[in-house]
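All remarks here apply to the structure that follows.
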Amino acid sequence: MDLLHSQLAVVQRQLSFVATDPIDWQLYVQAFSWTVCFFESYLLLRQYPLYSKTAPPPALAEHFTPEVFAKSQAYGKDKAKFSLVSGLYKQAVDSLMLHYGAYPWAWDVAGRILGKLGYSTDYEILQSIAFSAVVYFMSSIPSLPFSVYSTFVLEEKHGFNKTTPSLFVTDLLKGWGIGFVIGAPFLAAFLYVFKWAGDRFVPWLMGFLISFQMIMVILYPTVIQPLFNKLSPLSEGELRGRIEALATKLKFPLTHLYEIDGSKRSSHSNAYFFGLPWSKHIVIFDTLIKQSKAEEVEAVLAHELGHWYFMHPTKMMLVSQFHIFTILGLFPAFLHAPLFLRAFGFDKAVAAKPPTILAFMLFQMILIPLEAFVGIGMNIVSRKFEYEADRFACELKDRLKAEDMSNMGERLGRALVTLHVKNLSTVWVDWLYSAYHHSHPTLTERLKALEGFKSVSAKKEL
């Protein structure tokens, strides 16, 4: 532990200029956040002309009727226009909030709220919770019209929306309530670790964050998700039998197999698993069950179990923890820098002893360009994992010595096509846009890879 702290101390000495040099950090954040915004807009403009194509890629021509392809192109074009406008709008709002001192104002408002409740500003953690609530509403309310438009205009126009206005409002209020019930204690504990551990907070905070993630793995399916969706045991029948047999053969620790009423809000479909290492739960959207044959849904789940077999969620969590560790290792230099807060308009009294929540929030803004590159790197890793999971499904016949799984690759290919057709997913994708935004390979890439996997398997049998 001492070695870790000594290495972190070296990093802090390299960043000592943060506390001594009068840098215009606000200008830096404005410049780089707009740079990222314009780059993302540029990517959309690269992608947009592809929605004018009149035929799908040759490899997909037999899977898309002209009518379905036209609908897919129209849906993609509308989503691109919406993303372009909403992205620029959000960036403009964030930029104006920063320029006109919204964050110092929110900290002052939080202090006044505490005063009305009989607390002084010496209660930093309480003021930080109030500040976070003020900032959340201040930033989310301007984007509310776009959420309404996305749900009731864009998704409605293309036949996906099933959300009623009352359900939309109810979900919104539930989200706010859950955010406070879980977010407030989390933030209080998060800030307490800082205060308790002092400059040696990094390993302790890492431990806290991992523990919180484990707690949420338990709370989400049992407490949070039932507030929004109904999870029912998957009914007896061919599909349940196939999935349970597959889980048994792979020694997957299946505890519950659920069907979720995804159609309550949307026609989009999906399937996923979650849980602790010794207790896993599989969730299948009712829309997927209606849209696909049992053998195709089984293939989708075979892909998902490939992620489990290769420990992809665990590996992604480790990558994520390393990323968090890097961020926390750099943070102390900014936590003890009054000039850093002064650059964002906070008065001398507040900046003299920087509140942790303020320094951390502003520090995250500094990392905007870095996070863009990290996102691309995470996409590269995720795509690799997707190919591995697809290959796993194709190899089940050999892994399990089961002849009835010899066509699993073909079934998975049909399932992927069905998902893309029913969800009107984009099939023409610009390579740079995809590298930046997509954590999964395109449909064309995956079908080509599946053919390759099947060819390799066929050669092994010769």
Report task. Would you mind reporting whether Ser33 and Gln91 have side-chain heavy atoms less than 4.5 Å apart? Result -> yes
Query raised in the report: Do Phe38 and Tyr42 have ring centroids that are under 6.0 Å from one another?
Result: no
Query raised in the report: Do Ser439 and Glu386 have side-chain heavy atoms sitting under 4.5 Å apart?
Result: no
Query raised in the report: If you take all heavy atoms of Ala435 and Arg383, which pair is closest and at what distance?
Result: N-NH2, 4.0 Å
Requested in this report: Please work out which of the three classes, parallel, tilted or perpendicular, describes the rings of Trp196 and Trp204, given edges at 30° and 60°.
Outcome: perpendicular
Requested in this report: Answer yes or no: is there a side-chain heavy-atom contact under 4.5 Å between Pro253 and Trp308?
Outcome: yes
Requested in this report: Hey, can you tell me if Tyr28 and Phe32 have their rings parallel, tilted or perpendicular (30° and 60° cut-offs)?
Outcome: tilted
Query - Atom OH of Tyr272 with >12 non-hydrogen neighbours under 6.0 angstrom - result: yes
Report task. Would you please classify the geometry between the Tyr258 ring and the His256 ring as parallel, tilted or perpendicular, with 30° and 60° separating the classes? Result -> parallel
Query raised in the report: If you count the non-hydrogen atoms of other residues, nucleotides and ligands that lie under 6.0 Å from NZ in Lys230, is the total more than 12?
Result: no
Query raised in the report: Angle class for the Tyr433/His437 ring planes (parallel below 30°, perpendicular above 60°, tilted otherwise)?
Result: tilted
Requested in this report: May I ask you to check if Lys71 and Tyr75 form a cation-pi contact, with NZ or CZ under 6.0 angstrom from the six-membered ring centre and within 45° of the axis?
Outcome: no
Report task. Flag this pair as yes if the NZ/CZ of Lys174 is under 6.0 angstrom from the six-membered ring centre of Phe228 and inside a 45 degree cone about the axis; otherwise no. Result -> yes
Query - Residue pair Phe201, Phe190: steps toward the ring pair (Phe, Tyr, Trp, His ring centres under 6.0 Å) verdict - result: CA-CA 10 Å; Phe201 66 82; Phe190 180 82; 8.7 Å; no
Query - Within 6.0 Å of CE in Met311, more than 12 heavy atoms from elsewhere - result: no
Query raised in the report: Do Leu396 and Lys249 come close enough that some side-chain heavy atom pair is under 4.5 Å?
Result: no
Query raised in the report: Do the rings of Phe82 and Tyr149 sit parallel, tilted or perpendicular, given the 30° and 60° boundaries?
Result: parallel
Query raised in the report: Taking the six-membered ring for Trp, are Phe252 and Phe273 parallel (under 30°), tilted (30 to 60°) or perpendicular (over 60°)?
Result: perpendicular
**Report entry** Closest heavy-atom pair and its distance - Gln291, Thr418
**Finding:** O-CG2, 3.6 Å
Query raised in the report: Quick one: which of Lys293, His303, Arg411 gives a side-chain hydrogen bond (donor to acceptor under 3.5 Å, both in side chains) with Glu298?
Result: Arg411
Query raised in the report: Which pair of non-hydrogen atoms, one from Ser128 and one from Ile357, has the smallest distance, and what is that distance?
Result: OG-CG2, 3.2 Å
Query raised in the report: NZ of Lys448: more than 12 outside heavy atoms within 6.0 angstrom?
Result: no
Query raised in the report: Is there side-chain contact between His323 and Glu371, with at least one heavy-atom pair below 4.5 Å?
Result: yes
Query - Shortest non-hydrogen contact between Ile210 and Gln321, atoms and distance - result: CG1-OE1, 3.4 Å
Query - Residue among Pro49, Pro57, Ser72 satisfying side chain to side chain contact (heavy atoms under 4.5 Å, CB included) with Trp428 - result: Pro57
Report task. Scan Lys422, Arg414, Lys290 and name whichever one has a salt bridge (Lys or Arg N to Asp or Glu O under 4.0 Å) with Glu296. Result -> Arg414
Requested in this report: Please work out which of the three classes, parallel, tilted or perpendicular, describes the rings of Phe64 and Phe69, given edges at 30° and 60°.
Outcome: perpendicular
Query raised in the report: Can Tyr387 and Glu445 be said to form a side-chain contact (heavy atoms from CB on, under 4.5 Å), step by step?
Result: CA-CA 9 Å; Tyr387 283 127; Glu445 291 169 337; 3.4 Å; yes
Report task. For the pair Thr164 and Ser166, evaluate side-chain hydrogen bond (donor to acceptor under 3.5 Å, both in side chains) and give the outcome as yes or no after the intermediate values. Result -> CA-CA 5 Å; Thr164 63; Ser166 60; 3.2 Å; yes
Query raised in the report: Parallel under 30°, tilted from 30 to 60°, perpendicular over 60°: which one fits the rings of Phe146 and Tyr89?
Result: tilted
Query raised in the report: So with a 6.0 Å cut-off around CZ of Phe39, is the heavy-atom count from everything else above 12?
Result: yes
Query raised in the report: Stepwise, does the side-chain contact (heavy atoms from CB on, under 4.5 Å) test hold for Phe453 with Asp390?
Result: CA-CA 9 Å; Phe453 298 147; Asp390 284 349; 4.1 Å; yes
Query - Worked verdict on Glu156 versus Asn161 for side-chain hydrogen bond (donor to acceptor under 3.5 Å, both in side chains) - result: CA-CA 5 Å; Glu156 184 78 29; Asn161 178 50; 2.8 Å; yes
**Report entry** Neighbour count above 12 (heavy atom, 6.0 Å) for Lys90 NZ
**Finding:** no
Query raised in the report: Rounded to the nearest 0.5 Å, how far does OG of Ser434 lie from NE2 of His440?
Result: 11.5 Å
Query raised in the report: Going through the checks in order, is the ring pair (Phe, Tyr, Trp, His ring centres under 6.0 Å) test met by Phe385 and Phe310?
Result: CA-CA 8 Å; Phe385 288 168; Phe310 291 117; 8.9 Å; no
